[in-house]
**Student:** 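Before I ask anything, here is the structure I am working with.
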Amino acid sequence: MSVSLLDSYETVTLEDHTLEREAESGDPTGALSWVLSSLGVCARMISDTLRRARLEDVLGTAGQQNVQGEEQQKLDVIANDILVQRLRGRDGVVVLGSEEDETLLYADSTGLGQERFAVFFDPLDGSGNLDVAGGVGTIFSIYRVLDDPRDDYELRPGREQLAAGYFLYGSSTLLVLATEGDVSMFVLDPAVGTFTRVLTGIRIPSRGNVYSVNEANLATFPDGFKRYIGACRASGASARYAGAMVADVHRVLLKGGIFLYPPTAKAPSGKLRLMYECNPMAKVVKEAGGLAGTGHGEIMDVVPAELHQRVPVIIGSPENVRELLAGL
Ligand code: FDP
């Protein structure tokens with residue numbers, strides 16, 4: 001009897017996966033796969049920088065604020081530079097929108113097979129966790145660009161995202177990627193240097209007993225949110241809050257439950273940003289069978305007015321989200 005070891009080497013990398021999905025969708029140009037592969041390289045560079053941050057003394061503040069008046073960490077700046085430099089030179093990427101940059105950036109690119117993309121990102125979400133080695137992430141959102149974007153690219157609702165997802169730099173580095181009809185998860189294999197697929201066709205549990213919200217703000221939440229959180233407490237649900245949207249939504253995606261950032265006295269329109277935080281997370285959760293709203297409609301239906309727009313967020317298992325919305 002001959003023994004074959006081939007099965008144990010049968011892995012699907014990020015690049016295999018995206019090429020497969022492009023071929024299935026009747027668009028086998030490989031153009032999107034090229035952009036995602038570039039994001040994968042950025043994430044490997046950011047992950048490596050994070051793991052060495054304490055050793056190389058790149059923790060702490062950069063001594064400047066971003067456009068939204070938030071203190072920038074040195075690592076926010078490094079992660080942003082990595083993404084901007086690599087993506088700007090990537091064939092097909094013509095528009096970039098970052099949390100750390102005031103305005104959209106335009107790149108000269110012809111595009112593979114004339115496919116052109118706009119990429120939005122939060123380079124380092126949850127950067128408040130950096131000094132304590134907590135989970136942080138990179139969130140991204142990709143749109144197809146149809147017209148000549150130079151100087152007047154029009155921001156579009158999340159429903160038009162072609163792909164979206166996040167890298168989570170936790171005990172391992174992983175990627176969750178949402179494309180039309182699929183959510184898959186990849187883990188960075190540090191020995192080989194590839195993102196290897198570990199789950200595909202992810203479905204969020206229809207209900208969960210975890211609620212994830214900064215309860216310190218409870219006193220200034222609108223009444224409907226207060227009542228919902230009171231009901232969660234009374235029902236024996238568990239509270240979990242890492243303080244990084246990526247880490248908190250990732251738990252909800254896999255285990256079920258709800259993640260909230262309601263309007264508060266300090267942030268009357270909510271704190272989290274539509275284009276590079278809420279829309280991509282909404283796409284991930286919705287493609288996995290969950291729901292994502294603002295309290296006044298679906299997140300992905302919001303027509304963006306500006307790059308750094310904020311919205312309230314209610315995201316998670318369908319039964320939990322419906323229960324909250326019913327009481328608003
Ligand atoms: P951070 O400011 O540390 O980058 O978008 C920003 C964010 O973190 C989210 O990742 C996180 O969910 C939220 O802010 C935490 O805000 P609070 O400290 O107000 O709870």
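Note that this is a predicted model, so its numbers are computed, not measured. One-based numbering, in listed order, for ligands and for the atoms of each. One-based numbering along the sequence shown.
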**Student:** Keeping T173 on the side-chain end and Y169 on the backbone end, is there a donor-acceptor pair under 3.5 Å?
**Tutor:** no
**Student:** Which residue and non-hydrogen atom of the protein lie closest to atom 5 (O) of ligand 1, and at what distance in Å?
**Tutor:** E277 OE2, 2.5 Å
**Student:** Any N/O of G128 closer than 3.5 Å to an N/O of ligand 1?
**Tutor:**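 By distance alone, the answer is yes.
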**Student:** How far is atom 10 (O) of ligand 1 from its nearest protein heavy atom, and which residue and atom is that?
**Tutor:**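 I find the closest protein heavy atom is D125 OD1, 2.7 Å.
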**Student:** Do E160 side-chain atoms and R156 backbone N/O form a donor-acceptor pair below 3.5 Å?
**Tutor:** no
**Student:** Has E99 got any heavy atom lying under 4.0 angstrom from an atom of ligand 1?
**Tutor:** no
**Student:** Just heavy atoms, cut-off under 4.0 Å: does V246 contact ligand 1 by side chain, backbone, both, or neither?
**Tutor:** neither
**Student:** Which distance, rounded to the nearest 0.5 Å, do you find between the CZ of R88 and the CG of L105?
**Tutor:** 5.0 Å
**Student:** Looking only at protein heavy atoms, which one is nearest to atom 4 (O) of ligand 1, and how far off is it?
**Tutor:**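 Going atom by atom, the protein heavy atom closest to atom 4 (O) of ligand 1 ends up being G126 N, 3.0 Å.
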**Student:** Quiz question: by atom type and distance under 3.5 Å, do the side chains of S33 and R21 form a donor-acceptor pair?
**Tutor:**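 R21 and S33 do not have a side-chain donor-acceptor pair below 3.5 Å.
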**Student:** Pull out every atom of ligand 1 sitting under 4.0 Å from any heavy atom of A244, numbered as shown with elements.
**Tutor:** 10 (O), 12 (O)
**Student:** Between E215, K271, K266, flag the one that comes closest to atom 13 (C) of ligand 1 by a heavy atom.
**Tutor:** K271
**Student:** Check the hydrophobic clustering (I, L, V, M, F, W, Y; side-chain heavy atoms under 4.5 Å; chains of links allowed) and say if V284 and Y261 are grouped together.
**Tutor:** yes
**Student:** Backbone N or O of T13 within a donor-acceptor pair of the D16 side chain at under 3.5 Å?
**Tutor:**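 Yes, the answer is positive, given that a donor and an acceptor are paired below the 3.5 Å cut-off.
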**Student:** Where is the nearest protein heavy atom to atom 12 (O) of ligand 1: which residue, which atom, and how far?
**Tutor:**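 Atom 12 (O) of ligand 1 sits closest to the protein heavy atom M245 N, 3.2 Å.
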**Student:** Can an N or O of Y261 be found at a distance shorter than 3.5 Å from an N or O of ligand 1?
**Tutor:** yes
**Student:** Among all protein heavy atoms, pick out the one at the shortest distance from atom 15 (C) of ligand 1; state its residue, atom name and that distance to 0.1 Å.
**Tutor:**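 Of the protein heavy atoms, Y241 OH, 3.4 Å lies nearest.
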**Student:** Taking R197 first and then E20, would you say they form a salt bridge - that is, a charged N and a carboxylate O separated by under 4.0 Å?
**Tutor:** yes
**Student:** Counting N and O atoms only, with roles assigned by atom type, does the side chain of Q161 sit under 3.5 Å from a partner on the main chain of G158, one being a donor and the other an acceptor?
**Tutor:**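 It does hold such a pair.
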**Student:** According to the interplanar angle, ranging from 0 to 90°, do the rings of F120 and Y153 count as parallel (below 30°), tilted (30 to 60°) or perpendicular (above 60°)?
**Tutor:** tilted
**Student:** Can you say whether the rings of F167 and F140 are parallel (under 30°), tilted (30 to 60°) or perpendicular (over 60°)?
**Tutor:** tilted
**Student:** If you count the atoms of ligand 1 from 1 in the order shown, which ones are under 4.0 Å from a heavy atom of R273?
**Tutor:**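 Atoms satisfying the 4.0 Å criterion: 5 (O), 6 (C).
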**Student:** Which of the atoms in ligand 1, numbered in the order shown and given with their element, are less than 4.0 Å from a heavy-atom of S127?
**Tutor:**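 Numbered from 1, ligand 1 contributes 1 (P), 3 (O), 4 (O).
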**Student:** Which residue supplies the protein heavy atom nearest to atom 11 (C) of ligand 1, what is that atom called, and how far is it?
**Tutor:** G243 O, 3.4 Å
**Student:** If I apply the N/O under 3.5 Å rule, does N129 come out as touching ligand 1?
**Tutor:** no
